Number of protein chains: 2
Amino acid sequence: MYTKAENNQISVNSLIHDHKKCVTEALSIAERLCSLRGVQLTTIRYQVLELIWSSHKAVKAYELLDLIKPLQNAAKPPTIYRALDFLLEQGLIHRIESLNAFIGCNCSGHQHELLLLICKQCYEVEERPALKVMSALTEEFSDANFVTHSQAIEAHGLCAKCNELKS
Amino acid sequence: MYTKAENNQISVNSLIHDHKKCVTEALSIAERLCSLRGVQLTTIRYQVLELIWSSHKAVKAYELLDLIKPLQNAAKPPTIYRALDFLLEQGLIHRIESLNAFIGCNCSGHQHELLLLICKQCYEVEERPALKVMSALTEEFSDANFVTHSQAIEAHGLCAKCNELKS
DNA sequence: ATGTAAATGTTATATTATAACATTGCAAAC
DNA sequence: GTTTGCAATGTTATAATATAACATTTACAT
């Protein structure tokens, strides 16, 4: 039986993938990447990243603040926002604009042009390369003389699981 | 010569289109649509819509509050947010999630699947049908078993004019 | 060991958004 | 034509999100 805390972390995705491995990989990639880049993945930054990866649901800054307080007594809003800024800069997380929330990014070191499928029911976010969408976007940008760099695109709806449960 | 106030309204787009006509049309479409739907485009709601249409730049809620105060002395945050909620529900405006701001929507009565090109320098927003992008998205959603309704997609970059000025 | 820049601590406050309840105004039913 | 009900607005208060500004500590290059 799960403890309450563990149970809270159970996500739709965690039922169909090895989430521990998922987190371990993400964290070790982050460490490697930061080391390569000569930037510091400090304890606080690591802990915030770990907390974000504890599920595939988008997490809010003040939720992270509550979660990190047991680990970092002095934590205050700037503690979290600074760590988030760093992680965003390094491409280790995404900011979900429409939720004011954050998720881990799988794409480190790869392309960052991703489609984010955001479930408006469970707040899980799925990253998809969506190559056709991205190439159509590139073409459209060019037609519009709009200049942009790789970026994530957000789409909102119901994920497969939530949609099944509904019916 | 432009007065200062008028000059502030001058946008990149306004240099190449008849903005007055643009606004008049948007407002009359809004009136027609609301009347057809049996919903009330009240004075406050109309004024907010008009203020939003005063440029093609995304406008923030508290900016609108300042702008409407001369017209509505009693205006307070809920005054604006309620009008915005109404206009969003009726599809008369878009909310730009990444800016916490709003722009008029041209698509009333037509499809609402649009690509929004958001200039991060001047905050102008261009709506484009971007049919190829939308059909690629539909396909991707279907592959992912993701269920979604028509929605706007946001992209960030530099508009043609800002990009020219830069170089 | 020491100077420097980056990171973190700390206080305060800005910005964005909504809850909750009171009042007004308008229109349908009587 | 009044009553009644509901939508809209007024009003107060506060919640939620985010950053500014300055002090202190830490890491580490010299």
Side-chain angles (χ1 to χ4, degrees), chain A residues 30-31 34-52 57-90 92-103 120 123 154, chain B residues 30-31 34-35 37-52 57-90 92-103 118 120 123 154:
Chain A
E31 283 181 313
C34 288
S35 155
L36 275 172
R37 292 173 182 168
V39 296
Q40 300 179 56
L41 187 58
T42 61
T43 304
I44 289 178
R45 290 165 177 177
Y46 184 94
Q47 288 171 340
V48 170
L49 185 58
E50 200 172 15
L51 287 170
I52 289 173
K57 296 184 195 301
V59 199
K60 291 178 162 264
Y62 278 71
E63 288 172 3
L64 288 169
L65 182 54
D66 288 340
L67 291 169
I68 211 176
K69 269 180 181 161
L71 308 172
Q72 295 289 341
N73 252 285
K76 297 197 174 44
T79 315
I80 294 297
Y81 282 104
R82 283 166 181 161
L84 291 172
D85 284 347
F86 172 85
L87 297 170
L88 286 167
E89 266 168 24
Q90 298 303 319
L92 299 171
I93 60 174
H94 293 290
R95 181 189 162 83
I96 308 294
E97 298 290 354
S98 45
L99 298 178
N100 298 325
F102 303 85
I103 55 157
K120 54 187 168 192
Y123 301 114
E154 302 181 14
Chain B
E31 284 180 314
C34 288
S35 154
R37 293 174 182 167
V39 296
Q40 300 181 54
L41 188 58
T42 61
T43 304
I44 290 178
R45 291 166 176 174
Y46 185 95
Q47 288 172 340
V48 170
L49 185 58
E50 198 172 17
L51 287 169
I52 290 174
K57 295 185 196 302
V59 199
K60 291 178 164 263
Y62 278 72
E63 289 172 3
L64 289 169
L65 182 54
D66 288 341
L67 291 169
I68 211 176
K69 269 179 182 161
L71 308 173
Q72 296 287 341
N73 254 285
K76 297 197 174 44
T79 314
I80 294 298
Y81 282 104
R82 284 167 181 160
L84 291 172
D85 284 347
F86 172 86
L87 297 170
L88 286 167
E89 267 168 25
Q90 298 302 321
L92 299 171
I93 61 173
H94 293 290
R95 178 187 164 83
I96 309 294
E97 298 290 353
S98 46
L99 299 177
N100 297 325
F102 303 85
I103 55 158
I118 303 162
K120 55 189 169 193
Y123 302 114
E154 301 182 13

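Letters A, B, ... mirror the listed sequences (proteins, then strands); counts begin at 1. This structure is a prediction, so every number in the text was calculated from the model and none was measured.
- Following rounding to the nearest Å, B:Glu97 (CD) and C:dA17 (P) show an atom-to-atom distance of 9 Å.
- Phosphate proximity of C:dT16 to B:Arg95: absent, as no side-chain N or O sits under 4.0 Å from OP1 or OP2.
- Across all strands, A:Phe86 comes closer than 4.0 Å to no nucleic acid atom at all (heavy-atom distances).
- Side-chain contact check for A:Leu92 versus A:Arg45: every heavy-atom pair is 4.5 Å or farther apart.
- No side-chain heavy atom of B:Phe102 sits less than 4.5 Å from a side-chain heavy atom of B:Val59.
- One interatomic measurement links the two molecules: NZ of A:Lys69 to P of C:dT10, which rounds to 13 Å at whole-angstrom precision.
- B:Ala58 meets the side chain to side chain contact (heavy atoms under 4.5 Å, CB included) test with B:Ile96, B:Leu99, B:Ala101, B:Ile103, B:Val125; sequence neighbours excluded.
- The CG atom of A:Leu65 sits 15 Å away from the C1' atom of D:dA15 (whole-angstrom rounding).
- Annotation: side chain of B:Val48 is not in contact with side chain of B:Ile93 (no heavy-atom distance under 4.5 Å).
- Within the 4.5 Å cutoff, the side chain of B:Cys34 has heavy atoms near those of the B:Phe86 side chain.
- Side-chain contact between A:Glu31 and A:Tyr46: present, with at least one pair of heavy atoms (C-beta onward) separated by less than 4.5 Å.
- Distance check: A:Ile44 CD1 to A:Leu71 CG gives 10.0 Å after rounding to the nearest 0.5 Å.
- At D:dA16, none of the side-chain N or O atoms of A:Asn100 fall inside 4.0 Å of OP1 or OP2 (strictly under the cut-off).
- Residues A:Glu89 and A:Val39 have side chains not in contact (no heavy-atom distance under 4.5 Å, counting atoms from C-beta outward).
- Evaluation of the side chain to side chain donor-acceptor pair (under 3.5 Å) rule for B:Thr79 yields no partner, not counting sequence neighbours.
- In this structure, A:Ile68 atom CD1 and C:dG9 atom C1' are separated by 14 Å, rounded to whole Å.
- For A:Leu99 and C:dT16, the CG to P distance is 18 Å, given to the nearest whole Å.
- The distance from atom OH of A:Tyr62 to atom P of C:dA17 is 15 Å, rounded to the nearest whole Å.
- Applying the side chain to side chain donor-acceptor pair (under 3.5 Å) test to pairs two or more places apart or on separate chains, those with a residue in residues 63-72 of chain A are A:Gln47-A:Gln72.
- Distance, B:Leu84 CG to D:dA8 C1': 15 Å, rounded to whole Å.
- Atom CG of B:Asn100 is separated from atom CD of A:Glu97 by 8.0 Å, given to the nearest 0.5 angstrom.
- Of all the residues in residues 42-50 of chain A, A:Thr42, A:Ile44, A:Arg45 reach under 4.0 Å from DNA chain C with at least one non-hydrogen atom.
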Heavy-atom contacts, protein to nucleotides 24-30 of chain D, under 4.0 Å, summarised as B (base), S (sugar-phosphate only) or - (none) per nt, yield -------
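- Following rounding to the nearest Å, B:Ile96 (CD1) and C:dA17 (C1') show an atom-to-atom distance of 18 Å.
- Contacts with DNA chain D (heavy atom under 4.0 Å) in residues 73-82 of chain A: A:Pro77, A:Pro78, A:Tyr81, A:Arg82, listed by number.
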